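Order of appearance sets the numbers: ligands from 1, and atoms from 1 within every ligand. Keep in mind that what you see is a predicted model, and the values were worked out from it rather than measured. By convention here, the first residue in the shown sequence is residue 1. Values below: every heavy atom of this structure, side chains too, minus hydrogens, waters and symmetry copies.
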Amino acid sequence: MEERAMMKTDTLDQIAYALYLAERDVYEVTKFVERYPELTVETAYDIQDKLIELKCKHEQTSISGLKLGLTSKAKQQMMGVHEPTYGVLLANMAVNAQHPISLKSLIHPKIEPEIAFVFKEDLVGPVVTVAHVLTATAYVAPAMEIIDSRYLNFHFTLPDVIADNSSSSRYIVGSQKYAVNEVDLVNMGCIFTQNDEMIATSTAGSVMGHPARAIAWMANKLIARGQHIRAGDIVLSGALTGSATMHAGDSFTVSFDGMESLSVQVER
Ligand code: 0L1
Ligand code: MG
C-alpha cells in the first residue's frame, strides 16, 4: 500500500492512457520506468487495471479471461526479469483460425504456442494448488498467443511489461476440447512450425513444470488484488517455446501430442 501511495493516481492514469493510445494508433513508446523509477510491480498492476477499463469502455468489449507471461526461466532471462506476469484477455482479442490474420493494426507482433485452460468453476486464492486448477478446469485446448509489446523493440522492465497488459494482443484457441486427464500436461510434446519448417520443440512441463502450476501461481497472486479466475474464463498457460516474429504471408502451426494441431495464416 505504501509503495502504491508513492505514485499519483493521475500519473497512473496517464501511463494507462499512453499505452492505450500506442496500441490504438499502432506506435511504440519508451519504457516508463526511465521516467518514473518509483514504478513498482504493484503500481504496474494498477495501471494494467486502468488500461483494461479504458479498452473495455472504448472498444466496447469485455473480459474473456487471463494470460500468463514469462513463465519459463529461459524467457525470463531473455527479457531480464525475475518472475512471471499475468495479463487480461478481452473478447475482441480472440482470433478465428479459419480466417487469415491481418497485421495492419499490430506494431511488431510475435506468436507463441500456449495451452488454453477453460474454467467451469471459480478459482480463488490464496492456497490454490495444481490439483485445484485441474478440478476447476472444464477442458484444455491447443492455443497460440500473439504478443505485441507497445514498447520500442520489446525493451521493458518487469513493471513496464505488466502495465502493458503483459504484451497481450490476440489469441487463438483450437476448437477441439480435451479433458485434463485425456492429455499428459507434463510430458506432452509440442512442435511449433513456421511455413512448414520446425522452429521449436518443447513439452507441456516447460511451463513451470506443469502449466497448471503457473495458473495456481496466478490465482494466488490475483487474490491479493481482490481478483480471481471466474467460471467461463479462458486462461493461457504461458508460452511453451520462444516466440516467432510474424510477417505477411507466414503460416504457423502448433502440434501437441494427442491434440489436434492448430494453424494460422497471416494475410499477404
Ligand atoms: O506471453 C508472454 O510470455 C509475453 C509476456 C510479455 C513478454 C514479452 O513481450 O515477450
Ligand atoms: Mg504468451
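Within the listing of ligand 1, atoms 1 (O) sit less than 4.0 angstrom from a heavy atom of E145. Atom numbering of ligand 1 starts at 1 in the shown order; those under 4.0 Å from a heavy atom of I147 are 1 (O), 4 (C), 8 (C), 9 (O), 10 (O). Proximity to S167 (heavy-atom distance under 4.0 Å) selects the following atoms of ligand 1: 6 (C), 7 (C), 8 (C), 9 (O). Against a heavy-atom cut-off of under 4.0 Å, E112 is close to the following atoms of ligand 1: 1 (O), 2 (C), 3 (O). Listed by number with element, the atoms of ligand 1 under 4.0 Å from a non-hydrogen atom of F154 are 9 (O). The contact set between ligand 1 and G69, taken as ligand atoms under 4.0 Å from a residue heavy atom, comprises 1 (O), 2 (C), 3 (O), 5 (C). In the vicinity of K67, heavy-atom distances shorter than 4.0 Å reach the ligand 1 atoms 1 (O), 2 (C), 4 (C), 5 (C). Close contacts between ligand 1 and F156 involve ligand atoms 7 (C), 8 (C), 9 (O) [criterion: under 4.0 Å to a heavy atom].
Between the side chains of T203 and S206, not a single donor N or O lies within less than 3.5 Å of an accepting N or O. For the 3.5 Å distance criterion, the side chains of T30 and R35 qualify, holding a donor opposite an acceptor. Checked by atom type, the side-chain pair Y36/T43 shows no donor-acceptor distance below 3.5 Å. Between D160 and T157, the side chains place a donor N or O and an acceptor N or O closer than 3.5 Å (distance only, hydrogens not considered).
Taking atom 3 (O) of ligand 1 as the reference point, the nearest protein heavy-atom neighbour is L70 N, 3.0 Å.
Looking at E145 and the Mg ion (ligand 2) together, the shortest N, O or S contact belongs to OE1.
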Assess whether side chain to side chain donor-acceptor pair (under 3.5 Å) is satisfied between T129 and H132, documenting all intermediate values.
-> CA-CA 5 Å; T129 63; H132 295 138; 3.1 Å; yes

Please lay out, stage by stage, how E42 and R225 fare under the test side-chain contact (heavy atoms from CB on, under 4.5 Å).
-> CA-CA 9 Å; E42 273 315 306; R225 301 183 58 77; 2.9 Å; yes

With a 3.5 Å cut-off and sequence neighbours excluded, list the donor-acceptor pairs that the side chains of residues 94-107 form with protein atoms.
residue	atom	partner	partner atom	Å
N96	OD1	Q98	N	2.8
S102	OG	K104	N	3.2
S105	OG	R170	NH2	3.2

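Ionic pairing of K67 and E114 is not present here: no N-O contact between side-chain nitrogen and carboxylate oxygen is shorter than 4.0 angstrom.
Taking the six-membered ring for Trp and thresholds of 30 and 60 degrees, Y45 and Y86 have nearly parallel ring planes, at less than 30 degrees apart.
For the pair OE2 of E114 and OE2 of E112, the angle whose vertex sits at the Mg ion (ligand 2) is 100° to 10 degrees.
Residue pairs meeting the side chain to side chain donor-acceptor pair (under 3.5 Å) criterion with at least one partner in residues 254-266, sequence neighbours excluded, are T253-S263.
When heavy-atom distances to ligand 1 are checked against a 4.0 Å cut-off, V161 comes that close only through its side chain, counted from C-beta outward.
A heavy-atom separation below 4.0 Å is not found between K110 and ligand 1. Put simply, part of S166 is less than 4.0 Å from ligand 1, judged by heavy atoms.
Here's the thing with S149: none of its N/O atoms is less than 3.5 angstrom from an N/O atom of ligand 1.
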